[in-house]
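This report refers to the structure that appears directly beneath it.
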There are 2 protein chains.
Amino acid sequence: MRRRVTIYEVADAAGVSVATVSRALNGGRVAPSTRERVLQVAGRLGFSPSPAARVLATGKSRAIGVVIPDATGPLYGRMLRGIGLELAQAGYTYLVESSERDPGREGQVLRDLSARDVEALVLIGSGLGPQALAAMQGELPALVLVEREGAELAAPMVTIDNESAAERATRYLIEHGHERIAHISGPRRAGRERLAGWRRALAAHGLAPGPVEDGGFTEAGGYRAAKALIGQGGFSAVFVASDRMALGAYRAFREAGLRVGADVSVVGFDGLEFGAYLDPPLSTLRQPAQQLGQAAARAALAVTRGERPENVVLSCELVPRASVMEYGGGL
Amino acid sequence: MRRRVTIYEVADAAGVSVATVSRALNGGRVAPSTRERVLQVAGRLGFSPSPAARVLATGKSRAIGVVIPDATGPLYGRMLRGIGLELAQAGYTYLVESSERDPGREGQVLRDLSARDVEALVLIGSGLGPQALAAMQGELPALVLVEREGAELAAPMVTIDNESAAERATRYLIEHGHERIAHISGPRRAGRERLAGWRRALAAHGLAPGPVEDGGFTEAGGYRAAKALIGQGGFSAVFVASDRMALGAYRAFREAGLRVGADVSVVGFDGLEFGAYLDPPLSTLRQPAQQLGQAAARAALAVTRGERPENVVLSCELVPRASVMEYGGGL
DNA sequence: TATCGTAATGTAAGCGGTTACATAAGCACA
DNA sequence: TGTGCTTATGTAACCGCTTACATTACGATA
């Protein structure tokens, strides 16, 4: 079995005390020549300090906890990569747990992570509401909120600029000559902000808002919402607040005999991979998932240092594709 | 700041010694009445044992390390969910790191995870070769290999039955009347086994193997391979060893004016989400990603107990879709 | 009643680091 | 040469658990 090389063995081999070894390794005051020797011996022996012992001695675990809503979500992998990259530079790691979109389970997960001694918690996406979180905050380490409600929680927030992105999406349709633009909306903060962006773009161009239907951010909801819109008519384009809802909308349009990109233009939101493979490929706004992760990690590191980092707002990139065409007479 | 409740405080409050508290909590011999009281007090005080202290005292970290090739891979999220689920039941956690498909970095990552005291390492997908791993094995905890080469490493392996799945895919084409079936293959063990399954199915039905082109498991490679096949002709269907290569193949067929599902039938492999949204939807073999994760976690737990678990081979499920049609005269 | 085995509990020694405090060494200065 | 600093290093306590071993209590047995 692998056996751990301890600091004592390094100390013996280098002919110094463990305190000196510890200092040499962690940048304390040591004579340069001694440091040199200790480092050399430590390297030769393959010494690597026991994280557990270090945690116990210092009270800092050098780990942060990350809670995601759904392990299979396509964006979370990218966020985690961003988090991992950023943390690694600071010698930190992370523990991930998924709440599986169950607020009760999220509570569990938070307690669990907290019991595991993480120094900060990054909560991604929707989950427990602000009041519920506030109630738990006493027993939890510092929080960082990513794309989540909770301005009142005195926790740093990392978000995307939903409103501007939605405005950009809508403007993209307007630039293609569309004047009657519908919206399939979603719930919560993200949904509200995207709705607001849509409104703002229309208002800025002196256009009246088209019909709005809620799609609950699900494919089935998007399908139903599109059906409802089709029933009402009066639009030549739709801004859909998520790619997944756009998927459902595609189906509804197809069933109604409408060709996306010809009879009706569509812009989605999120930039999920499958959008590129739809027929026609879906125009969308790409979320900067990895950057969100990095920003969240930076914020988390800052809070572990007792700082109070600024909120971060990132913007999305428009991905123009064939689902949007020049206006040529609408529904 | 949150302060940790220690076992001493519980002991005081319950009027017993710390040893008794520890035993009461971990199932040692304690009088039932005492255990009851201790548990009660511990609950009231909100005691949860310091993992670091426990690791230090027992030498077991209750954590395993997981290495994935690519944080954004769509299957890894599912695998991790399986791993997490299984580990949680045993009171274990995991640390993930991604090698980003860089063997050098994988070496780093392994050392890093190992320095973090994980009790076992689950290596997913391709990466360092068996010789390189063997060379490191001395400084690493026990390994579990998931979909990876290394039969000679004396490490439990969790894999899918690539050959049978490929055979099933090919048989599916044969059942639709195709007799001249090409193959776009991939590298490494997975590629070889899928090739073998394709051959086996053809042989079993007395059919001659059609042309084979390697696509390197990438979309661009699939495109090139399909181009090459089209140049040669002589097939009415293709079994493609990965969905991503199938994506490239679709493009090549489209550019050549061939309609997938009509002029040429295609079966992919992996069961990635986007396949359902291709035009036409791609028939494929779905990898049991979550089950792979669970099996891997079970194996990892077993090795931490010093057991030598059996290899696990899981099978894939055929997902029939419109990319395969009854033979009606081929290229 | 003395003896012994057994069950319940307590005492204290680690586990492997960090770090406050003590000590020693080296040097400048009077 | 003695005094006082500064700097380098050592000693040992502590972080919060687990667990080997010691101790105590108690009923069973002779």
Side-chain angles (χ1 to χ4, degrees), chain A residues 1-39 41-42 45-63 91-93 114-119 304, chain B residues 1-39 41-42 45-63 91 93 114-119 141 304:
Chain A
M1 201 57 195
R2 294 171 316 131
R3 218 195 54 76
R4 165 135 246 143
V5 178
T6 75
I7 199 175
Y8 289 91
E9 304 171 40
V10 176
D12 277 0
V16 294
S17 75
V18 293
T20 300
V21 175
S22 178
R23 282 188 285 251
L25 263 38
N26 299 305
R29 302 188 69 97
V30 205
S33 62
T34 312
R35 156 163 295 130
E36 172 82 7
R37 181 159 35 99
V38 169
L39 260 37
V41 170
L45 264 42
F47 170 73
S48 83
S50 151
R54 196 182 271 207
V55 170
L56 199 53
T58 61
K60 337 207 83 266
S61 64
R62 304 192 147 258
Y92 272 64
T93 1
S114 154
R116 286 204 153 79
D117 265 348
V118 297
E119 294 180 41
T304 65
Chain B
M1 202 56 196
R2 293 173 315 132
R3 218 196 54 79
R4 165 134 250 146
V5 179
T6 75
I7 201 175
Y8 288 92
E9 304 171 41
V10 177
D12 277 359
V16 295
S17 74
V18 293
T20 300
V21 175
S22 177
R23 283 188 285 250
L25 264 36
N26 299 307
R29 303 189 70 98
V30 204
S33 62
T34 311
R35 157 163 294 132
E36 172 83 6
R37 182 157 39 95
V38 170
L39 258 39
V41 171
L45 265 41
F47 170 74
S48 82
S50 152
R54 198 183 269 211
V55 169
L56 198 52
T58 60
K60 338 207 80 264
S61 64
R62 304 194 145 258
T93 1
S114 155
R116 286 203 153 79
D117 266 347
V118 298
E119 295 181 38
T304 65

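Chain letters run A, B, ... following the sequence lines, proteins first and then strands; every chain starts at 1. Keep in mind that this is a model prediction, so the values were computed, not measured.
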Would you state whether a donor and an acceptor, one from the side chain of A:Arg23 and one from the base of D:dG10, lie under 3.5 Å apart?
yes
* A:Ser17 side chain near D:dG10 phosphate (N/O to OP1/OP2, under 4.0 Å) -> yes
- prompt: Between D:dT9 and A:Thr34, is there an OP1 or OP2 to side-chain N/O distance shorter than 4.0 Å?
  reply: yes
Choose from [options] the nucleotide whose nearest atom is closest to any side-chain atom of [X].
{"X": "A:Thr20", "options": "D:dA8, D:dT19, D:dG10", "result": "D:dG10"}
{"X": "B:Ala19", "options": "C:dG17, C:dG10, D:dC17", "result": "C:dG10"}
{"X": "A:Ser22", "options": "D:dC15, C:dT19, D:dA8", "result": "C:dT19"}
{"X": "B:Val18", "options": "C:dT19, C:dG17, C:dA12", "result": "C:dA12"}
{"X": "A:Arg29", "options": "D:dT18, D:dC15, D:dT7", "result": "D:dT7"}

Residue pair A:Gly15/B:Arg54 against DNA chain D: nearer the 5' end by closest nucleotide is A:Gly15
Whole-Å distance, B:Ile7 CD1 to D:dG16 P, equals 11 Å
B:Lys60 atom NZ is separated from D:dT19 atom C1', nearest whole Å, by 15 Å
Output for pair (A:Ser48 OG, A:Leu25 CG), nearest 0.5 Å, gives 10.0 Å
Side-chain heavy atoms of A:Asp117 within contact of B:Arg4, under 4.5 Å:
yes
So what does A:Val5 hit on the nucleic acid, given a heavy-atom distance under 4.0 Å: a base, only sugar-phosphate, or nothing? sugar-phosphate
